Amino acid sequence: MNTFYTTTSIPYASQKPHIGNTYEAILTDAVARYHKLLGDDVYFLTGTDEHGEKIERLAEAAGVTPQQFVDTVTAELRHEWDACMVEPDDFIRTTEQRHMDIVKRMFKKLYDQGDIYKGAYEGWYCVPDEAFYTDSQVVKAESGHVCPDCGRPVEKLKEETYFFRLSAYADRLAAHIEAHPEFIQPESRKNEMVNGYVKPGLQDFSVSRTSFTWGVPVEFDPGHVMYVWVDALSNYITALGYDPDGKSGELFEKYWPCDVHILGKDVLRFHTLYWPGMLMALGLPLPRSIYGHPWYLMNSDKMSKSRGTAIYASELAERYGVDCVRYYCLREMPVSRDGNISHELLASRCNTDLANDLGNLASRSITMAEKYFQGDVYPEETPENEVLALCAASKDRVKGAMDGLSTQLALTEAMSPVVRANRFIDETSPWILAKDPGKAEDLKGVLYTLLETLRNASVTLYPVMPLAMGKLRAQLGLPEVPVWEETPPKGFSVKRGENLFPRIEL
RNA sequence: CGCGGGGUAGAGCAGUCCGGUAGCUCGUCGGGCUCAUAACCCGGAGGUCAGGGGUUCAAAUCCCCUCCCCGCAACCA
């Protein structure tokens with residue numbers, strides 16, 4: 001049996017995640033469910049990044065401890081995930097003891113072997129903005145260096161910090177990226193990483209801070225806490241029970257290396273350069289692939305809580321149903337640019353595809369099966385026709401698209417037999433066949449074709465819409481959870497239930 | 001010459017790698033059907049595929065140039 005390990009990036013627990021953040025969890029969940037259908041031994045990990053200065057400050061402002069603060073945010077996040085039927089095998093928080101214990105020993109090991117060293121980070125600091133800038137970021141004005149954001153003068157600041165020696169792994173990493181075209185996906189992002197960072201030369205990066213305390217302590221140097229990279233990125237192996245001293249647990253031995261890390265384009269750099277560098281230093285195999293997805297925008301604008309333009313998955317799921325939200329997110333995200341989401345767009349897409357095409361096909365097909373044959377449709381011979389041929393062909397194409405994480409294409413393909421079947425009804429006019437007792441077998445063939453189209457869709461769409469497809473399968477008299485290679489049955493015993501996708505009225 | 005992405009019907013998008021009558025959804029106009037969630041099916045109108053040049057029998061698709069929009073530009077998650 002193949003194993004399949006997939007992860008989301010772990011969101012920063014600084015605020016409740018909006019639909020744009022939740023999209024990633026939905027995508028990863030659908031990928032995990034798809035591989036489960038294929039029969040793979042799947043492990044799906046997600047979690048939260050809970051340390052850092054920003055959280056320390058937000059907690060202080062809220063008058064709570066940082067731990068209380070992240071407990072609240074992480075609970076909100078899990079509520080969002082739950083509302084979308086995102087069901088990971090494990091959920092890791094970087095403030096958990098099991099994580100911190102391992103991270104501390106990892107850090108020490110890297111330090112002992114010389115991959116982490118003490119140095120100083122020099123930069124520019126804008127006091128009013130409380131922001132650091134690098135040499136290349138600050139604007140050089142006549143009056144001296146000024147803040148690129150607000151234009152006020154910045155001060156030179158020097159902070160003692162530990163660095164990870166990424167430069168030592170630059171050549172190996174460049175060679176790996178070159179030799180494994182699938183390592184960074186999609187390809188346009190790979191080019192961005194290579195041209196933007198690898199070719200100019202990879203520099204060491206800072207892995208500790210002395211300016212705040214809410215982090216994993218560097219035990220051999222009090223005053224330092226770990227900065228985000230070592231702490232957060234390592235969640236992918238600490239959750240599996242990795243042991244820097246060579247006694248890693250069963251899960252780690254079974255699932256590492258990861259098959260695909262799924263994350264936003266904004267953090268792709270850290271996952272494709274920093275993280276592999278650290279893994280090389282630890283002597284561990286690199287993840288097989290890393291996929292950077294675009295973002296969802298609200299009316300072509302970045303979602304912002306403060307501007308009131310954020311949409312939350314839980315609200316959408318409550319209003320329109322979890323299946324609609326999952327379907328929309330995975331159907332509408334374009335391949336190579338940011339997607340748009342709004343109530344209007346979601347309602348339009350779901351009404352067209354789910355209510356009018358799929359839901360209505362189920363409704364009319366099952367109703368006819370009950371009306372004409374009391375729900376039992378067992379033709380003497382399994383029919384062969386264009387619609388059934390399309391079902392088989394489309395399923396293969398769905399598989400190809402899902403393997404490449406192209407959910408937009410996968411869903412378009414999965415829906416194509418449904419659209420074709422609606423036309424098939426007009427072409428065959430079953431209500432006319434029903435008036436002629438001598439055409440009973442023809443009528444059975446037509447209804448079988450329709451029900452088999454629905455069964456096929458219940459498999460190909462199951463990873464994206466587990467709830468609704470489970471209900472559809474129940475109406476078709478099939479087990480609620482399918483397997484990908486399900487054999488078409490000789491016939492169907494159906495029973496009409498509630499409408500699968502009620503039309504959305506705004 | 002910093003890097004990358006985008007600019008295709010009123011709106012939102014696919015097609016561009018592997019040139020060959022420009023496609024999908026919504027909207028709109030007309031027709032059909034009555035099994036169905038006022039859903040389904042057929043047809044019409046609507047695009048010089050950002051602009052210019054080149055290659056070719058043929059270019060949205062390949063090459064060159066220009067314009068516009070967006071993201072990134074190293075320690076921000």
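Computed from a prediction, not measured in an experiment: that's the story for all the values here. Numbered from 1 within each chain, the chains take letters A, B, ... in sequence-line order.
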Is the phosphate of rC72(B), meaning OP1 or OP2, less than 4.0 Å from a side-chain N or O of R269(A)? no
Without decimals, in angstroms, what is the distance between E24(A) CD and rA77(B) P? 16 Å
Name the orientation class of the two ring planes belonging to Y227(A) and W229(A) (parallel below 30°, tilted from 30 to 60°, perpendicular beyond 60°). perpendicular
From rA74(B), rA77(B), rG71(B), nucleotide with atom closest to D49(A) side chain: rA77(B)
C1' spacing across the pair rC41(B) / rA36(B), given as an integer number of angstrom: 13 Å
What integer distance in Å separates Y328(A):OH from rC26(B):C1'? 12 Å
Picking from rA77(B), rC40(B), rC35(B), the nucleotide nearest the side-chain atoms of Y372(A) would be rC35(B)
Categorize N21(A) for me: base, sugar-phosphate, or nothing, with a 4.0 angstrom heavy-atom threshold over every strand shown. nothing
Mind checking whether F163(A) and Y117(A) have parallel, tilted or perpendicular rings, split at 30° and 60°? parallel
Parallel, tilted or perpendicular: which fits the ring planes of H261(A) and Y236(A), with parallel below 30° and perpendicular above 60°? tilted
Between rA77(B), rU25(B), rU37(B), which nucleotide has the shortest distance from any of its atoms to the side chain of T352(A)? rU25(B)
In whole angstrom, give the distance that lies between atom OH of Y320(A) and atom P of rU37(B). 23 Å
Please classify the nucleic acid contact of N360(A) as base, sugar-phosphate, or nothing, using heavy-atom distances under 4.0 Å. base
For nucleotides rG43(B) and rG6(B), find the distance between their C1' atoms and express it as a whole number of Å. 35 Å
Rounding to an integer number of angstrom, what distance separates rC68(B) and rC57(B) when you compare their C1' atoms? 35 Å
Whole-Å C1' distance, rC69(B) and rC33(B): 47 Å
Can you tell me if Y227(A) touches the phosphate of rA74(B), counting only side-chain N or O atoms and a distance under 4.0 Å to OP1 or OP2? no
Both conditions, 6.0 Å and 45 degrees, for the charged tip of R455(A) above the ring of F492(A): are they met here? no
R209(A) has its side chain closest, among rC76(B), rC40(B), rC13(B), to rC76(B)
Expressed in whole Å, how much space separates the P atoms belonging to rC76(B) and rC63(B)? 38 Å
Would you call K190(A)-E182(A) a salt bridge at under 4.0 Å N-O? no
Assess K16(A) against Y312(A): is NZ or CZ under 6.0 Å from the centre of the six-membered ring, and within 45 degrees of the ring's axis? yes
Rounding to the closest angstrom, what is the interatomic distance between rC62(B) and rG19(B) at atom P? 9 Å
Face-on cation placement of R269(A) at Y197(A) ring, 6.0 Å and 45° thresholds: yes
Regarding V228(A), tell me which of base, sugar-phosphate or nothing describes its non-hydrogen contacts under 4.0 Å with the strands shown. sugar-phosphate
Can R209(A) and E53(A) be said to form a salt bridge (Lys or Arg N to Asp or Glu O under 4.0 Å), step by step? CA-CA 9 Å; R209(A) 284 289 185 279; E53(A) 186 174 17; 6.0 Å; no
Check every strand shown and say whether I10(A) touches a base, only sugar-phosphate, or nothing at a heavy-atom separation below 4.0 Å. nothing
Looking at the side chain of R364(A), which of rC40(B), rA74(B), rU37(B) is the nearest nucleotide? rC40(B)
What is the separation between atom OH on Y197(A) and atom P on rC72(B), rounded to the nearest whole Å? 9 Å
Whole-Å distance between rC13(B) C1' and L345(A) CG? 11 Å
Touch check for S206(A), heavy atoms < 4.0 angstrom, all strands: base, sugar-phosphate only, or nothing? base
Between P of rC26(B) and NE2 of H343(A), the distance in whole Å: 21 Å
Thinking salt bridges, do R93(A) and D71(A) make one under a 4.0 Å N-O criterion? yes
What residues in residues 424-433 of chain A put a non-hydrogen atom under 4.0 Å from any atom of RNA chain B? I425(A), D426(A), W431(A)
Spacing of R349(A) atom CZ relative to rA11(B) atom C1', expressed in whole Å: 13 Å
Considering residues at least two apart in sequence or located in another chain, which fulfil the side-chain hydrogen bond (donor to acceptor under 3.5 Å, both in side chains) criterion with T460(A)? none
If you find the nucleotide of RNA chain B closest to S348(A) and the one closest to K371(A), which residue's nucleotide is nearer the 5' end? S348(A)
When the C1' atoms of rG30(B) and rU37(B) are considered, how many whole Å apart are they? 25 Å
Would V218(A) and Y111(A) count as a side-chain contact (heavy atoms from CB on, under 4.5 Å) here? Give the steps. CA-CA 10 Å; V218(A) 176; Y111(A) 176 72; over 6 Å; no
Need one value for F270(A): base, sugar-phosphate or nothing, where a base atom within 4.0 Å counts as base even if backbone is also close, heavy atoms only. base
Secondary-structure notation, RNA chain B, from Watson-Crick and G-U pairs under 3.5 angstrom (| other strand): .(((((((.[[[[.)....(..]]]].(((((.......))))).....[[[[[..)....]]]]])))))).....
Report yes if some heavy atom in the side chain of I504(A) is under 4.5 Å from a heavy atom in the side chain of L346(A); otherwise report no. yes
Any idea which of rA77(B), rC40(B), rA73(B) is nearest the N356(A) side chain? rC40(B)
Which part of the nucleic acid, if any, lies within reach of R503(A) when heavy atoms closer than 4.0 Å are counted: base, sugar-phosphate only, or nothing? base
How would you label the contact of G201(A) with the nucleic acid (heavy atoms, under 4.0 Å): base, sugar-phosphate, or nothing? base
With under 30° as parallel and over 60° as perpendicular, where do the rings of F107(A) and Y162(A) fit, or are they tilted in between? perpendicular
Taking the nucleotide of RNA chain B with the nearest heavy atom to each, does E505(A) or T367(A) sit closer to the 5' end? T367(A)
What nucleic acid atoms does S363(A) come within less than 4.0 Å of, heavy atoms only: base, sugar-phosphate, or nothing? base
Calculate the interatomic distance between L268(A) atom CG and rA77(B) atom P; express it in whole Å. 17 Å
Rounding to an integer number of angstrom, what distance separates rC29(B) and rC72(B) when you compare their P atoms? 43 Å
